[in-house]
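Have a look at the structure below, then the notes.
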Protein chains: 2
Amino acid sequence: MRFVYHPAADELSLPSVLYALSDPIRLQIVQALSESGERPCGTFGLALAKTTLSHHFKVLREAGIIAIRTEGTYRWNSLRRADLEARFPGLLNAVLTASELDAAIAVHASQQTAEAEFAFEPVGRR
Amino acid sequence: MRFVYHPAADELSLPSVLYALSDPIRLQIVQALSESGERPCGTFGLALAKTTLSHHFKVLREAGIIAIRTEGTYRWNSLRRADLEARFPGLLNAVLTASELDAAIAVHASQQTAEAEFAFEPVGRR
DNA sequence: GCTATTGTTCTATATTCATCGAACAATAGC
DNA sequence: GCTATTGTTCGATGAATATAGAACAATAGC
């Protein structure tokens, strides 16, 4: 538990970042970090095993989305806002905004029946 | 080959969209669609089996990122820019911008040795 | 009707991933 | 040194995924 490796700012890859953000739990973590700043892993109130949480934090860290700072037995996580902004301008903000919207809409949608799929009619149909 | 189902604009989920965009091949497809507008599946110059391409287009379509229009034996794909913008403002543009930057940097990086990982030094280290 | 073209569905396979329990590592406080 | 706390690493497991070959569907053109 001595050193933790992080990718350098110019080494982040877009697919890795998008993949790391494509999991609902990891999105929750990122959103919480965005709202309340630096936090230890165990303070996110997620009903998951410690090992599972550790896995998600590792994915986020190796994608370059969060940085981890060790202090005593705690590990403080924070968003690498500046690095992400330099490499992928606007991306984090767009995701965070969408995530908030998404959460709001999810709450609203759960009060309705949600089976409204539709089809584009192909031009050459009959 | 009659109807193709697409999710409605308000049914798109952020994790699904981010996941669909987290694959390099699908990113390439989206970028190509962004630059050259509507195109049939077979015109992207990707060295993959037809079935694999079909799979990737399906993932993009079911995530709500592209729409497909049938005309004769062709299927014309297009970006659902407006729907994405309404649901996830700024996201597509951020991804497209980052994707272009990423490609440019990848070309540049391939001309160098790329082993510059570094570590954040934990505060309590010795 | 026959053939060529475009793309999908079905099935299989190898890989990756999310989850978790058990054991371990590092530190704080006594 | 001993114990509690925080988090990681190591396996294991079941699910999801990217890939592709074979067969099929729909259409255009003859």
Side-chain angles (χ1 to χ4, degrees), chain A residues 1-6 13 15-29 33 38-63 66-78 119-126, chain B residues 1-6 13 15-29 33 38-63 66-78 119-126:
Chain A
M1 231 193 222
R2 203 76 58 78
F3 288 93
V4 181
Y5 290 90
H6 298 69
S13 99
S16 303
V17 167
L18 293 175
Y19 177 78
L21 293 172
S22 74
D23 182 279
I25 289 171
R26 292 195 289 264
L27 267 180
Q28 244 180 290
I29 292 172
L33 283 177
E38 214 180 25
R39 291 169 69 166
C41 304
T43 64
F44 289 81
L46 298 166
L48 288 171
K50 280 194 306 178
T51 53
T52 306
L53 280 181
S54 194
H55 163 70
H56 286 305
F57 281 100
K58 188 179 180 184
V59 172
L60 288 170
R61 176 171 52 78
E62 292 183 343
I66 65 175
I68 300 187
R69 177 175 71 82
T70 303
E71 198 179 277
T73 55
Y74 291 87
R75 316 200 78 169
W76 295 83
N77 303 280
S78 58
F120 280 90
E121 292 197 1
V123 165
R125 95 176 248 271
R126 53 179 154 93
Chain B
M1 231 195 222
R2 203 75 58 77
F3 288 93
V4 181
Y5 290 89
H6 298 70
S13 99
S16 304
V17 168
L18 293 176
Y19 178 77
L21 293 174
S22 74
D23 182 278
I25 290 171
R26 292 195 288 265
L27 267 180
Q28 243 180 291
I29 292 172
L33 283 176
E38 215 180 24
R39 293 169 69 166
C41 303
T43 65
F44 289 82
L46 298 166
L48 289 171
K50 280 194 308 181
T51 52
T52 306
L53 280 182
S54 195
H55 162 69
H56 285 305
F57 280 99
K58 188 178 181 187
V59 171
L60 287 170
R61 176 172 51 80
E62 292 185 342
I66 65 175
I68 299 188
R69 178 175 70 82
T70 302
E71 198 178 277
T73 55
Y74 290 88
R75 318 202 76 169
W76 295 84
N77 302 281
S78 57
F120 280 91
E121 292 198 0
V123 165
R125 96 175 248 271
R126 51 180 152 98

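In what follows, every heavy atom counts, from backbone to side chain, and hydrogens, waters and symmetry copies are set aside. Below, chain A is the first sequence line, B the second, and so on; all start at residue 1.
As judged by a 4.0 angstrom heavy-atom cut-off over every strand, B:Leu53 is placed among residues making no nucleic acid contact. Contacts of A:Ile25 with the nucleic acid, taken as non-hydrogen atoms under 4.0 Å apart, involve only primed sugar atoms and P, OP1 or OP2.
Here the P atom of nucleotide C:dA18 and the CZ atom of A:Phe57 are 14 Å apart, to the nearest Å. Rounded to a whole Å, the CG atom of A:Asn77 is 10 Å from the C1' atom of D:dG7. For the pair A:Arg39 CZ and D:dT6 P, the interatomic distance rounds to 14 Å; values are reported in whole Å. Here the C1' atom of nucleotide C:dT8 and the CD atom of B:Glu62 are 13 Å apart, to the nearest Å. The distance from atom NZ of B:Lys50 to atom P of D:dA22 is 12 Å, rounded to the nearest whole Å. The CH2 atom of A:Trp76 sits 15 Å away from the C1' atom of C:dT27 (whole-angstrom rounding). Between the OH atom of B:Tyr74 and the C1' atom of D:dA25 there is a distance of 17 Å, given to the nearest Å. In this structure, A:Ile68 atom CD1 and C:dA26 atom C1' are separated by 15 Å, rounded to whole Å.
For the atom pair CG (A:Leu48) and NE2 (A:His56), the distance works out to 6.0 Å, reported to the nearest 0.5 Å.
Taking each heavy atom of A:His6 and A:Ile68 in turn, the nearest pair found is NE2-N, 3.0 Å. The minimum heavy-atom distance between A:Ile29 and A:Phe44, with the atom names listed, is O-CE2, 3.7 Å. Across A:Ala20 and A:Val59, no two heavy atoms sit closer than the pair CB-CG1, 3.9 Å. Of all the heavy atoms in B:Pro15 and A:Leu27, the pair that sits closest is CG-CD1, 3.9 Å. In plain terms, the two heavy atoms of A:Leu18 and B:Leu21 that are nearest each other are CD1-O, 3.2 Å. Taking all atoms of both residues into account, the shortest heavy-atom contact from B:Tyr19 to B:Arg26 is O-NH2, 3.5 Å.
In terms of phosphate contacts, B:Arg75 brings no side-chain nitrogen or oxygen within less than 4.0 Å of OP1 or OP2 of D:dT27. Of the side-chain N and O atoms in B:Tyr19, none sit less than 4.0 angstrom from OP1 or OP2 of C:dT16. Between A:Ser54 and the phosphate of D:dT8, there is a side-chain N or O to OP1/OP2 separation shorter than 4.0 Å. Within the structure, every side-chain polar atom (N or O) of A:Thr51 is placed at least 4.0 Å from both OP1 and OP2 of C:dC20.
When each of C:dT19, D:dT9, C:dT5 is scored by its nearest atom to the side-chain atoms of A:Thr52, the top-ranked nucleotide is C:dT19. Of all nucleotides listed (C:dT6, C:dC20, D:dG7), C:dC20 comes nearest to the side chain of A:Ala49. When distances run from any side-chain atom of B:Pro40 to the nucleotides D:dT19, C:dG7, C:dT5, the shortest one goes to C:dG7. Closest to the side chain of A:His55, out of C:dA18, D:dA20, C:dC20, is C:dA18.
You'll find the side chain of A:Asn77 stays beyond 4.5 Å of the side chain of A:Arg39, heavy atoms only.
The rotation axes computed at either terminus of the helix from C:dG1-D:dC30 to C:dC30-D:dG1 lie 30° apart, taking five pairs at each end and rounding to 10 degrees.
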